[in-house]
Amino acid sequence: HPLRVLTRCARQLEGLCSFLQLSSCPERLLVRFCSWLLALAPDLSYASAAILAEQLFLVRVSVLALLPARPPSPAASYPASRSCLKVLALTQPPSRHLMAALASFCSKYALPFCRILVAPILQEPAGGPEQTKLLCELVEECLEPEHVALVLSQVLEVPLSERLLPVVQAVLARQVREALPAELLELLVLALCRQAPALAASLCYAKLLTALLTLHQSRVS
């Protein structure tokens, strides 16, 4: 039964998603499907939600890279091991239907969503500006404070680049209402200091430092 597969049988869920062609269904139907997921009881397991996050959204923010085929690295983490030829790069802003579906899914399954979708976007060196805008919009509009902090921790796991600075700015903008955990603030300051020589000429870097000092002047020495 499809409902039983969704809630209990994570191993069979990928096959069901493929059969239903969820990765390519029209985005207006994607919104309806995600709304239905919110009402589903019992809640999905982490494993099932992670598979759905990949099947529903990863391909929609991906294009096939024109690279020679190569076997996945044994050390590659899920889902990159099955998506090693995909360059996560939106070529145009996400539609309102896609954003509505993302917001709906994030409202209940933000943790697997961040692990499965956000992490590969951050780690992809060929990512484009539309990816960055998508992450900023998720931080600003869709994620709860604890998951905003998770996104920042994921940002700080990769080398801080010009492309990722707007994401950090979006996180800091949320901190007007919610305090940044002390350990993350310390890691952020260290990352910004390490990248100072490479980003010294960046206007975005200067704005980020100004925002950081404005919000956390008493906590940054």
Side-chain angles (χ1 to χ4, degrees), residues 27-28 30-31 34-35 37-38 49 52-54 56-58 60-62 88-124 127-189 191-192 195 199 202-217 219-220:
E27 290 178 355
R28 65 182 184 278
L30 182 65
V31 176
C34 288
S35 297
L37 283 179
L38 295 185
L52 281 175
E54 181 188 10
L56 294 173
F57 301 116
L58 191 59
R60 294 175 192 275
V61 295
S62 308
L88 299 170
L90 286 170
T91 57
Q92 59 185 0
S95 70
R96 61 184 180 87
H97 286 115
L98 179 55
M99 285 308 304
L102 288 166
S104 180
F105 193 89
C106 284
S107 68
K108 195 169 189 179
Y109 300 109
L111 181 59
F113 178 88
C114 288
R115 296 294 188 193
I116 296 304
L117 188 68
V118 174
I121 290 177
L122 294 171
Q123 294 164 7
E124 178 50 62
E130 295 302 337
Q131 285 181 291
T132 302
K133 291 176 185 176
L134 174 63
L135 288 178
C136 290
E137 194 161 350
L138 289 171
V139 167
E140 292 165 356
E141 305 293 341
C142 301
L143 296 175
E144 294 298 321
E146 65 268 26
H147 299 115
V148 171
L150 173 59
V151 170
L152 179 58
S153 70
Q154 291 175 306
V155 170
L156 297 176
E157 289 173 0
V158 300
L160 195 59
S161 64
E162 179 84 17
R163 180 175 74 91
L164 298 181
L165 294 182
V167 182
V168 180
Q169 282 189 303
V171 170
L172 290 180
R174 286 290 301 270
Q175 303 315 309
V176 174
R177 302 188 298 274
E178 301 99 14
L180 191 66
E183 62 275 13
L184 277 182
L185 178 60
E186 182 178 350
L187 289 173
L188 175 58
V189 171
L192 290 171
Q195 293 302 109
L199 298 172
S202 167
L203 180 60
C204 189
Y205 180 75
K207 289 180 177 179
L208 179 56
L209 286 179
T210 301
L212 181 64
L213 292 173
T214 300
L215 288 170
H216 302 286
Q217 185 174 10
R219 302 169 65 190
V220 178

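Between Thr132 atom OG1 and Leu122 atom CG the span is 8.5 Å, to the nearest 0.5 Å. Interatomic distance, CZ of Arg96 versus CD of Glu27, reported as 10.5 Å (0.5 Å rounding). Taken to the nearest 0.5 Å, the CG atom of Leu143 stands 7.0 Å off from the CZ atom of Arg174. Once rounded to the nearest 0.5 Å, the distance linking CG of Leu188 with OG of Ser153 reads 11.5 Å. Taking CD of Gln131 as the start and CG of Leu117 as the end, the distance is 9.5 Å to the nearest 0.5 Å. Between atom CG of residue Leu209 and atom CD of residue Gln169 there is a gap of 9.5 Å, rounded to the nearest 0.5 Å.
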Practice task
Output, in order, the C-alpha distance, side-chain angles, deciding distance and verdict of side-chain contact (heavy atoms from CB on, under 4.5 Å) for Val151 and Leu135.
Solution key: CA-CA 9 Å; Val151 170; Leu135 288 178; 5.7 Å; no
Practice task
Evaluate the side-chain contact (heavy atoms from CB on, under 4.5 Å) criterion for residues Cys34 and Tyr109: first the C-alpha distance (whole Å), next the side-chain angles of each, then the deciding distance (0.1 Å), finally the verdict.
Solution key: CA-CA 11 Å; Cys34 288; Tyr109 300 109; over 6 Å; no
Handout entry: Candidate pair Phe57 and Leu30, rule side-chain contact (heavy atoms from CB on, under 4.5 Å), full reasoning
Key = CA-CA 10 Å; Phe57 301 116; Leu30 182 65; 3.8 Å; yes
Problem - Derivation and outcome, side-chain contact (heavy atoms from CB on, under 4.5 Å), residues Leu165 and Leu199 - result: CA-CA 10 Å; Leu165 294 182; Leu199 298 172; 4.2 Å; yes
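Across all non-hydrogen atoms, the minimal contact from Leu184 to Ala149 is CD1-O, 3.4 Å. Across every non-hydrogen atom of Ala53 and Phe113, the tightest pair is CB-CA, 4.2 Å. Leu172 approaches Ala211 most closely through the heavy-atom pair CD1-CB, 4.4 Å. Looking at every heavy atom in both residues, Ile121 comes nearest to Arg163 through O-NH2, 3.3 Å. Shown here for Met99 and Leu134, the closest heavy-atom pair between the two residues is SD-CD1, 3.5 Å. Lys108 and Leu38 get closest at one heavy-atom pair: NZ-O, 2.8 Å.
The number of heavy-atom neighbours closer than 6.0 Å to CD of Glu146, taken from other residues, nucleotides and ligands shown, is above 12.
Side-chain contact between Gln154 and Gln123: absent, with no pair of heavy atoms (C-beta onward) separated by less than 4.5 Å. For the pair Val168/Leu156, no side-chain contact is recorded, criterion being any heavy-atom separation below 4.5 Å from C-beta on.
Proximity of a side-chain donor or acceptor of Ser104 to a complementary backbone N or O of Ala100 within less than 3.5 Å is not detected.
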